[in-house]
Trainee: 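Here it is, the structure, as structure tokens.
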2 protein chains.
Amino acid sequence: MNATVDGDVVTARGDARQRFHDARGYGRADGPEVTLARVETAHLLYRGDLDAVSGMDFRAFFRDSVANEPGFAARFLVYTDLRERGFYLAPVREGWPGSGGDADDADADADILVFERGEKPGGPVAHRVRVVGEREELAAADLADVTLAVVDEESEVSYFGCSPGGGFDGRTEYDLPHGVDADLLDDRVVCWEPPTRLYESAFYGQPISGRDDADVDALQLSLLEAADLAARGAVDLDADAVVERGRAVEGDRFDRRLAVYRRLRDDGVVPKTGYKFGADFRTYDAVESVAELPHSERLVRVVTPDHRFHPRELALDVRLAGGVRKSMVFALADGEAAEYLTVDRLTP
Amino acid sequence: MNATVDGDVVTARGDARQRFHDARGYGRADGPEVTLARVETAHLLYRGDLDAVSGMDFRAFFRDSVANEPGFAARFLVYTDLRERGFYLAPVREGWPGSGGDADDADADADILVFERGEKPGGPVAHRVRVVGEREELAAADLADVTLAVVDEESEVSYFGCSPGGGFDGRTEYDLPHGVDADLLDDRVVCWEPPTRLYESAFYGQPISGRDDADVDALQLSLLEAADLAARGAVDLDADAVVERGRAVEGDRFDRRLAVYRRLRDDGVVPKTGYKFGADFRTYDAVESVAELPHSERLVRVVTPDHRFHPRELALDVRLAGGVRKSMVFALADGEAAEYLTVDRLTP
């Protein structure tokens, strides 16, 4: 069989169209010929389906492709991994199955289309895969609706599904008290003799002790909880003073976290600290009472809208969340607004 | 009972020495009186054992102490938590039980001494506790042999045990080949037709495919593995060129990681990527063969000697390691040298 490379495409003649395109879903049919992307060609060489392209064996063609296409090695590894999982694939590229005539918006961030299991190229798409190396940073804003394939330094591939929205289903209801006596002390607040429902039902704060032998009836609040409660009139503190204290100890991060905290409370979701999980919040959709606290469903990390994820941090956050049976949600906070992005590990 | 505050100490008279010091291990005996630290005094007020100090009730004394001693609120929370767990405690302070006449080196980074269960103040010490707020950064170099008590923003306390050394017990043995043919391609290396023992026994690299239907016999190496193997003469590549490539994609971090990688290999430990756990390496003390790979015992994160930990990152790393039944080891890499620090969660 005769196959020749010209820049970023390979043309194969003879029975290649029937063998590779029609029967096995590689490339783009061009009349009696088939046009293959380099990644497809390398896979055919790798499997021994092609012996050589323009005189190059797998090793020579791979070297040539690495020199010609940035990120080729990682793309080849992901292409091979997905093919071995039994999917039909196509590179995102004008004229290839599934890609629009132009680079359309939905595919702009993707490298490979994975068609649903059992579907031929051009059929329904299961994953729009973006291939990234472990060392490449990822703009948070580019991650909605993409499947990340992260190739680590030892060439193993991990997949992460990114989807817009946080999946919250807030159903917590409570009445807040009014003007509870409180002190702003250091980087926390103490409420004195609070009505029990503030903790027991609304799940604000933490009693100053778990023991019954204390002579003191007090509830500790985080600065976020206190700022939120002060703004709602529930504690007798100047909301601005609490926010100022928050900024003094955390900087701008406090404002971002407060915006997300408020929005979650407004939506009937209860956010509590996610410190033990390395996150900003763990969240409960529906708290009836602290005595019968459900499992918290999500971990939330608050980031700026221009945040760039390091794939290793993403792996850490998502793995930890999975290990404690929670979803990992990133909140891209911009002033009072927040966009949520859910990221989970997946096995295609 | 008469108790008066003067700066950072409280003097209690009457039967206070017998009741608080002799019977329950608070404070420092001064003849017929007892001298109490503010944190001890607040605990006695909190429990109702003292009614007032210089006319101040718990709330007033707490406010006064927060204004006088930086970090008082967090220290009080930890003191209370540890007392409730049934330990005798003493503040680290000249003249208090367990503290030397001077601030001695071992205690310089500690705030509270916890005596072994069942032991009185001044007996054997179970934990030298350093109290930190969730937002305070911690110098890595200060953490050997201390128990960290991290108080999160909602006033919950998490404990971490820090101990010098990594606990490695390297027992992996293998013979390396010589001058294996290899290409440096992008940010990885491909070895062509390597002897099987390079992977199967020494556990370097990753076969280019898990499937048997490949027509190619190749092993992918990370840049770290390749730099190490090139320096040992096992692959036919210029070691300096590999290191240069590593620096180009990772900067100085590559040198630090390589120094730790080499040291581990020299010690008979097998480091492989820890990417999926958000770490630099996962390590195996004893690999007989990849076919019978044991559980990896440790996760290693490489940091600079002047690294400052953020308690939230520490919580994330240590929790994840615990969740996958591994120890978390930090390698403080300085040139060719490395000091190890093991951090684990503990419940006093």
Trainee: Please classify the contact of Arg345(B) with chain A as side chain, backbone, both or neither, using a heavy-atom distance under 4.5 Å.
Mentor: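 No part of Arg345(B) comes within 4.5 Å of chain A.
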Trainee: Quick one: which of Asp187(A), Leu185(A), Leu223(A), Val151(A) has the most heavy-atom pairs under 4.5 Å with chain B, could you say?
Mentor: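 The option with the most such pairs is Leu185(A).
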Trainee: Between Arg59(A) and Glu193(B), does the salt bridge (Lys or Arg N to Asp or Glu O under 4.0 Å) criterion hold? Intermediate values first, please.
Mentor: CA-CA 11 Å; Arg59(A) 178 174 178 177; Glu193(B) 297 177 9; over 6 Å; no
Trainee: Check step by step if side chain to side chain contact (heavy atoms under 4.5 Å, CB included) holds for Glu156(A) and Thr273(B).
Mentor: CA-CA 9 Å; Glu156(A) 289 216 41; Thr273(B) 180; 5.9 Å; no
Trainee: So which residue, Lys276(A), Glu134(A), Glu313(A), ends up with the most heavy-atom pairs under 4.5 Å with chain B?
Mentor: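 The option with the most such pairs is Lys276(A).
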Trainee: I need the Phe58(A) CZ to Trp192(B) CH2 distance, nearest 0.5 Å.
Mentor: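 Result: 5.0 Å between the selected atoms.
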Trainee: Arg135(B) versus chain A, heavy atoms under 4.5 Å apart: side chain, backbone, both or neither?
Mentor: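 Contact with chain A involves the side chain of Arg135(B) alone.
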Trainee: Please look at Ala279(B) and chain A and tell me whether the side chain, the backbone, both or neither of the residue comes under 4.5 angstrom of a heavy atom of that chain.
Mentor: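 Answer is backbone: N, CA, C or O of Ala279(B) sit under 4.5 Å from chain A.
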Trainee: Using a 4.5 angstrom heavy-atom cutoff, name the option from Asp81(B), Asp57(B), Asp186(B) with the most pairs to chain A.
Mentor: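 Looking at each of Asp81(B), Asp57(B), Asp186(B) in turn, Asp186(B) comes out on top.
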Trainee: His310(B), Arg253(B), Glu225(B), His43(B): which one forms the most heavy-atom pairs within less than 4.5 Å of chain A?
Mentor: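 Greatest number of close heavy-atom pairs with chain A: Arg253(B).
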Trainee: At a heavy-atom separation under 4.5 Å, does Phe160(B) approach chain A through its side chain, its backbone, both, or neither?
Mentor: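 When you check distances to chain A, only side chain atoms of Phe160(B) fall under 4.5 Å.
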Trainee: For Arg63(A) and Asp183(B): C-alpha separation, side-chain torsions, deciding distance, then whether side chain to side chain contact (heavy atoms under 4.5 Å, CB included) applies.
Mentor: CA-CA 8 Å; Arg63(A) 290 190 70 143; Asp183(B) 285 335; 2.8 Å; yes
Trainee: Answer whether the closest heavy-atom distance between the side chains of Leu221(B) and Glu154(A) falls below 4.5 Å.
Mentor: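 Counting from C-beta outward, Leu221(B) and Glu154(A) never come under 4.5 Å.
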Trainee: Ignoring hydrogens and angles, state whether a donor on the side chain of Ser155(A) or Gln220(B) is under 3.5 Å from an acceptor on the partner side chain.
Mentor: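 A pair is found: one side chain offers a donor N or O, the other an acceptor, under 3.5 Å apart.
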Trainee: Between Val324(A) and chain B, with a heavy-atom cut-off of 4.5 Å, which part of the residue counts as in contact: side chain, backbone, both or neither?
Mentor: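 It is the side chain, since no backbone atom gets that close.
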Trainee: Can you check whether Asp317(B) reaches Leu316(A) side chain to side chain, under 4.5 Å on heavy atoms?
Mentor: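 Contact flag for Asp317(B)/Leu316(A) side chains = yes.
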Trainee: Using heavy-atom distances under 4.5 Å, tell me whether Val318(B) contacts chain A through its side chain, its backbone, both, or neither.
Mentor: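 No part of it gets close to chain A.
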Trainee: Quick check on Phe277(B) against chain A: is it the side chain, the backbone, both or neither that has a heavy atom closer than 4.5 Å?
Mentor: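 Contact with chain A involves both backbone and side-chain atoms of Phe277(B).
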Trainee: With side chain to side chain contact (heavy atoms under 4.5 Å, CB included) as the criterion, how do Glu153(A) and Leu224(B) come out once you've worked through the C-alpha distance, each side chain's angles and the decisive distance to 0.1 Å?
Mentor: CA-CA 9 Å; Glu153(A) 62 179 330; Leu224(B) 286 177; 3.9 Å; yes
Trainee: Just give me the residue among Pro311(B), Pro70(B), Ala67(B), Ala74(B) that pairs up with chain A most often, heavy atom to heavy atom, under 4.5 Å.
Mentor: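 Answer, by heavy-atom pair count under 4.5 Å with chain A: Pro311(B).
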Trainee: Would you say the side-chain atoms of Tyr275(A) pair up with the backbone N or O of Val150(B), donor to acceptor, closer than 3.5 Å?
Mentor: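 No, because the side chain of Tyr275(A) does not come within donor-acceptor range (under 3.5 Å) of the backbone of Val150(B).
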Trainee: With a 4.5 angstrom heavy-atom cut-off, is it the side chain or the backbone of Phe72(B) that approaches chain A, or both, or neither?
Mentor: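 Interface part for Phe72(B): backbone (N, CA, C, O).
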Trainee: If the test is side chain to side chain contact (heavy atoms under 4.5 Å, CB included), which one of Asp152(A), Leu77(A), Val66(A) qualifies with Arg188(B)?
Mentor: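 The passing option is Leu77(A).
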